[in-house]
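Since the structure is predicted, the reported quantities are computational estimates derived from the model, not experimental observations. As the structure lists them, so they are numbered: ligands from 1, and atoms in each ligand from 1.
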Amino acid sequence: MQIHVINPNTTASMTDKIGACANRVAAESTRIHVSQPESGPVSIESHLDEAISAVGVLEEIRRGETLAMDAYVIACFGDPGLLAARELTRAPVIGIAEAGFHLATLISTRFSVVTTLSRTAIIAEHLLDQYGFRHHCRRVRSTDLPVLELENSAGNAYQALLEECQRARDEDGIGAIVLGCGGMADLTERLTHDLQMPVIEGVSAAIKLAESLVSLGLGTSKHGDLAFPRPKPFAGRFADWGQ
Ligand code: 2AL
């Protein structure tokens, strides 16, 4: 089984970290391919970043289709381009936010999300509404950490994240925490130990869900709105996307 994990931002150290996490949880027979878009923002923490990164994700899916990938993971907590990505392939495509939300509801009745900058909280809130998880989520909390601060091992990112997770555990009446950034993928074990409660991180969640779907022979449905897009010409810089 070959799973293509796409980091939608263009920071190579984060792509490496996400790849290491995916490899750690993947089955022995699973081969992980990791990539990032050629163009786009170094981190995704605004609506603009999201919109541009979605195009990068779709370019990576198009590349993956030439390599016959069995599944894709979109490793940014806004799940940028998720539904459009599903239109481009029969393989399952899993976003790390939706994967985290799904697993959290299987082990708890209520969870909170702990994410990066407060301005990105709205992105997670929109996804909770869109996916129907609003009633399971008590609160989307932010740490006010810029995404790339998670790449700075000399900084205080871990401490800030731990303290916000402790507040979530002690104040929100929850059974689990979902980490709200792909760049937190390497912190799950330490947080789980320090908090003594389940902490779910979307990259590992998405890998295990992708493996399950592929093992069951389930792929993206081509009945209805996720069917391949109708062939039509595209203009300008997207001319090679059209037919
Ligand atoms: C993210 C993420 O997962 N990767 C990134 O660049 N931005 N989302 C977030 N809320 O911090």
Side-chain angles (χ1 to χ4, degrees), residues 4-22 34-60 72-82 85 93-104 111-131 133 137 139-152 155-158 160-162 164-165 168 177-188 191 199-207 209:
H4 184 172
V5 182
I6 302 164
N7 171 22
N9 75 37
T10 52
T11 294
S13 61
M14 197 177 290
T15 306
D16 292 345
K17 186 200 299 187
I18 287 166
C21 168
V34 203
S35 75
Q36 64 186 51
E38 270 170 26
S39 315
V42 292
S43 61
I44 298 157
E45 47 200 6
S46 71
H47 302 298
L48 172 70
D49 295 341
E50 271 239 316
I52 293 176
S53 69
V55 176
V57 166
L58 299 176
E59 284 169 344
E60 292 307 301
Y72 298 88
V73 169
I74 300 179
C76 168
F77 207 74
D79 296 351
L82 179 62
V93 185
I94 313 287
I96 64 169
E98 65 168 3
F101 299 157
H102 275 284
L103 290 206
F111 63 85
S112 283
V113 174
V114 181
T115 186
T116 51
L117 291 181
S118 55
R119 68 181 295 167
T120 69
I122 188 68
I123 295 175
E125 284 166 14
H126 282 162
L127 292 183
L128 288 162
D129 287 334
Q130 186 187 327
Y131 300 155
F133 287 107
C137 181
R139 200 163 156 187
V140 178
R141 288 175 169 269
S142 22
T143 50
D144 271 327
L145 288 166
V147 170
L148 292 188
E149 196 50 34
L150 293 163
E151 300 307 286
N152 171 16
N156 72 340
Y158 183 78
L161 185 57
L162 175 61
E164 198 58 38
C165 288
I177 290 174
V178 175
L179 297 180
C181 180
M184 298 172 180
D186 57 335
L187 304 177
T188 327
L191 284 168
V199 176
I200 294 163
E201 169 281 305
V203 176
S204 359
I207 294 292
L209 288 177

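- Pairing each heavy atom of Glu60 with each of Ser35, the nearest pair is OE1-OG, 2.7 Å.
- With sequence neighbours excluded, the residues satisfying ring pair (Phe, Tyr, Trp, His ring centres under 6.0 Å) with Phe111 are Phe101.
- The minimum heavy-atom distance between Leu179 and Cys165, with the atom names listed, is CD2-SG, 4.3 Å.
- For His47, the side chain to side chain contact (heavy atoms under 4.5 Å, CB included) partners two or more places apart in sequence, or in a different chain, are Ile122, Ile123.
- Counting all heavy atoms, side chain and backbone alike, Leu82 lies closest to Ile94 at CD1-C, 4.2 Å.
- For ligand 1, the 4.0 Å heavy-atom shell contains residues Asn9, Ser43, Ile44, Cys76, Phe77, Thr115, Thr116, Thr120, Val147, Gly180, Cys181, Gly182.
- Sequence neighbours left out, the pairs with a member in residues 139-150 that pass salt bridge (charged side-chain N to carboxylate O under 4.0 Å, His left out) are Arg141-Glu164, Arg141-Glu171, Arg141-Asp172.
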